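One structure is given below, encoded as structure tokens.
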Protein chains: 2
Amino acid sequence: MRGFNGFSYADVAGELDITTASLHYHYRGKAELGKALIDRYGERFAEALDAIYARPAGALPKLRAYADLYAGVMDEERMCLCGMLAAEYRTLPEPMQDAVVTFFDANEAWLDRVLREGRKRGELTFSGSPREVARALISALEGALLTSRPYADPDRFRATAREMIKRLASPAPRRAPAAPRR
Amino acid sequence: MRGFNGFSYADVAGELDITTASLHYHYRGKAELGKALIDRYGERFAEALDAIYARPAGALPKLRAYADLYAGVMDEERMCLCGMLAAEYRTLPEPMQDAVVTFFDANEAWLDRVLREGRKRGELTFSGSPREVARALISALEGALLTSRPYADPDRFRATAREMIKRLASPAPRRAPAAPRR
DNA sequence: GTCTATAGGCAGATAGAC
DNA sequence: GTCTATCTGCCTATAGAC
């Protein structure tokens with residue numbers, strides 16, 4: 001993927017072995033085509049999130065599975081579509097901007113739920129609001145995808161992601177936030 | 001900033017109130033212009049890092065100052081130049097790709113040093129290698145810039161960054177990794 | 001150093017035949 | 001639905017006068 005400003009109608013048409021005129025029959029313009037691509041991406045991602053949530057597993061395995069989703073994206077396309085589009089957000093037509101925001105909001109809501117439930121059950125320990133932690137986690141994973149892009153090594157992303165999740169939602173090694181003893 | 005594919009020679013020339021032909025006198029082509037922009041950005045960033053390192057402060061304040069650098073970038077341009085270019089890395093001419101990598105490597109090296117020294121002096125506590133943590137920190141901050149782009153609120157970035165640094169390099173609240181007592 | 005003029009290419013988009 | 005042909009506009013880049 002090359003971003004909205006980095007791909008052309010001809011690129012997509014060529015991939016489908018049709019002409020740009022034919023592509024125009026299906027999508028009025030580039031903005032509409034772009035929005036459709038985001039929506040499809042968002043739907044697939046949402047399905048994957050549902051599948052993870054349905055598993056009979058704890059919060060921490062779910063978070064790890066969430067990170068693995070990103071790793072899978074990286075293997076296939078080397079970057080999350082919406083992460084890339086966020087970079088050129090200001091140049092996007094409005095319908096595409098809205099679709100990008102929708103994607104991030106959905107991720108945040110899903111993580112918020114997992115984090116909230118995980119803390120309630122005592123599986124996770126973190127200070128601050130679940131929403132803040134959810135945003136931090138999304139930021140960290142998107143950022144890890146972004147910064148590992150220039151480096152061919154996929155392990156670079158995996159190592160960073162592992163580092164993140166360990167710190168963001170580590171199972172409580174201790175109980176009470178008692179006063180430090182020396 | 002709109003990225004490499006999102007700005008034109010005419011944009012830059014217009015900003016300088018000259019013509020594109022004049023701009024060509026100074027920079028042979030768009031690739032050379034782009035590389036010069038990255039280099040200038042990298043130099044300024046490096047100067048800021050030197051200034052932070054020279055301060056008579058501990059590792060943690062230095063890390064906070066590092067995060068503030070990103071916050072400053074966000075206020076001015078809403079995105080780190082190299083973070084944005086990393087998203088469209090594959091479409092960049094080679095000299096620009098190299099310049100982007102140089103930027104990230106320099107950041108990593110600086111953080112690695114601060115983290116290493118901070119741990120040695122007992123100011124920071126983290127498991128794993130300083131290099132891994134450095135990468136995680138860069139990822140987190142770049143990602144926070146990226147994902148807060150669609151949301152006008154600058155506090156969104158600040159809150160996420162604070163959340164990160166608290167977790168990434170928190171001063172040890174306790175000493176020994178003793179067995180959990182119940 | 002900066003300009004006007006212009007080349008040459010590729011972009012997104014449309015008309016109309018099949 | 002897909003095609004050919006074509007339009008218009010913007011892009012990077014160059015030539016050559018001042």
Side-chain angles (χ1 to χ4, degrees), chain A residues 1-43 77-79 81-101 103 149-150, chain B residues 1-43 77-79 81-101 103 149-150:
Chain A
M1 255 296 176
R2 323 182 84 221
F4 184 68
N5 299 306
F7 86 92
S8 74
Y9 241 71
D11 292 334
V12 176
E15 204 104 343
L16 300 172
D17 268 311
I18 59 175
T19 63
T20 64
S22 301
L23 193 52
H24 267 285
Y25 174 81
H26 297 281
Y27 302 96
R28 283 173 151 278
K30 198 182 174 185
E32 198 170 295
L33 170 59
K35 182 172 178 340
L37 288 173
I38 302 175
D39 288 343
R40 193 186 62 161
Y41 181 78
E43 282 162 23
E77 328 226 15
R78 314 227 20 100
M79 183 72 197
L81 175 62
C82 289
M84 186 164 34
L85 294 178
E88 44 186 347
Y89 187 77
R90 293 183 150 188
T91 76
L92 299 180
E94 211 187 286
M96 290 183 65
Q97 290 185 334
D98 295 343
V100 169
V101 170
F103 174 82
R149 256 208 135 191
Chain B
M1 252 300 176
R2 327 186 76 211
F4 184 68
N5 299 307
F7 87 92
S8 74
Y9 241 71
D11 292 335
V12 176
E15 203 105 345
L16 300 173
D17 268 310
I18 58 174
T19 63
T20 62
S22 301
L23 193 53
H24 266 286
Y25 174 80
H26 297 282
Y27 302 96
R28 281 174 151 281
K30 198 183 174 184
E32 197 170 297
L33 170 59
K35 181 169 178 344
L37 288 172
I38 303 175
D39 287 343
R40 194 187 61 160
Y41 181 78
E43 282 163 21
E77 328 227 14
R78 313 228 20 99
M79 184 71 196
L81 174 64
C82 289
M84 184 164 37
L85 293 178
E88 45 187 348
Y89 186 78
R90 291 182 151 188
T91 75
L92 299 181
E94 212 188 284
M96 290 183 64
Q97 291 186 334
D98 295 342
V100 168
V101 170
F103 175 83
R149 256 208 135 191

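Because only heavy atoms are used, hydrogens play no part in the values below, and waters and symmetry mates are left out as well, while side chains stay in. Note on naming: letters A, B, ... go to the chains in the order of the sequence lines (proteins, then strands), and numbering restarts at 1 for each one. Predicted model, so just to flag it, every value in this text is computed and none were measured.
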Run B:M84 and A:Y89 through side-chain contact (heavy atoms from CB on, under 4.5 Å) and show every step you take. CA-CA 10 Å; B:M84 184 164 37; A:Y89 187 77; over 6 Å; no

Whole angstrom is fine here: how far is it from OH in B:Y25 over to P in C:dG1? 5 Å

Which parts of nucleotides 4-18 of chain D does protein reach within less than 4.0 Å, heavy atoms only, written one letter per nucleotide 5' to 3' as B for base, S for sugar-phosphate only and - for none? B------SSBBB---

Going by heavy atoms in the side chains, are A:T19 and A:S22 under 4.5 Å from each other? yes

Separation of C:dA11 atom P from A:Y27 atom OH, nearest Å, is 20 Å

Could you walk me through whether A:M79 and B:R90 pass side-chain contact (heavy atoms from CB on, under 4.5 Å), step by step? CA-CA 11 Å; A:M79 183 72 197; B:R90 291 182 151 188; over 6 Å; no

Expressed as a whole number of angstroms, how long is the span from B:L16:CG to C:dG1:P? 14 Å

Below 3.5 Å, can you tabulate the donor-acceptor pairs from side chains in residues 33-42 of chain A to any protein atom, sequence neighbours excluded?
unit_1	atom_1	unit_2	atom_2	d
A:K35	NZ	A:D39	OD1	3.4
A:K35	NZ	A:D39	OD2	2.7

Note, B:E94 side chain near B:D98 side chain (heavy atom, < 4.5 Å): yes

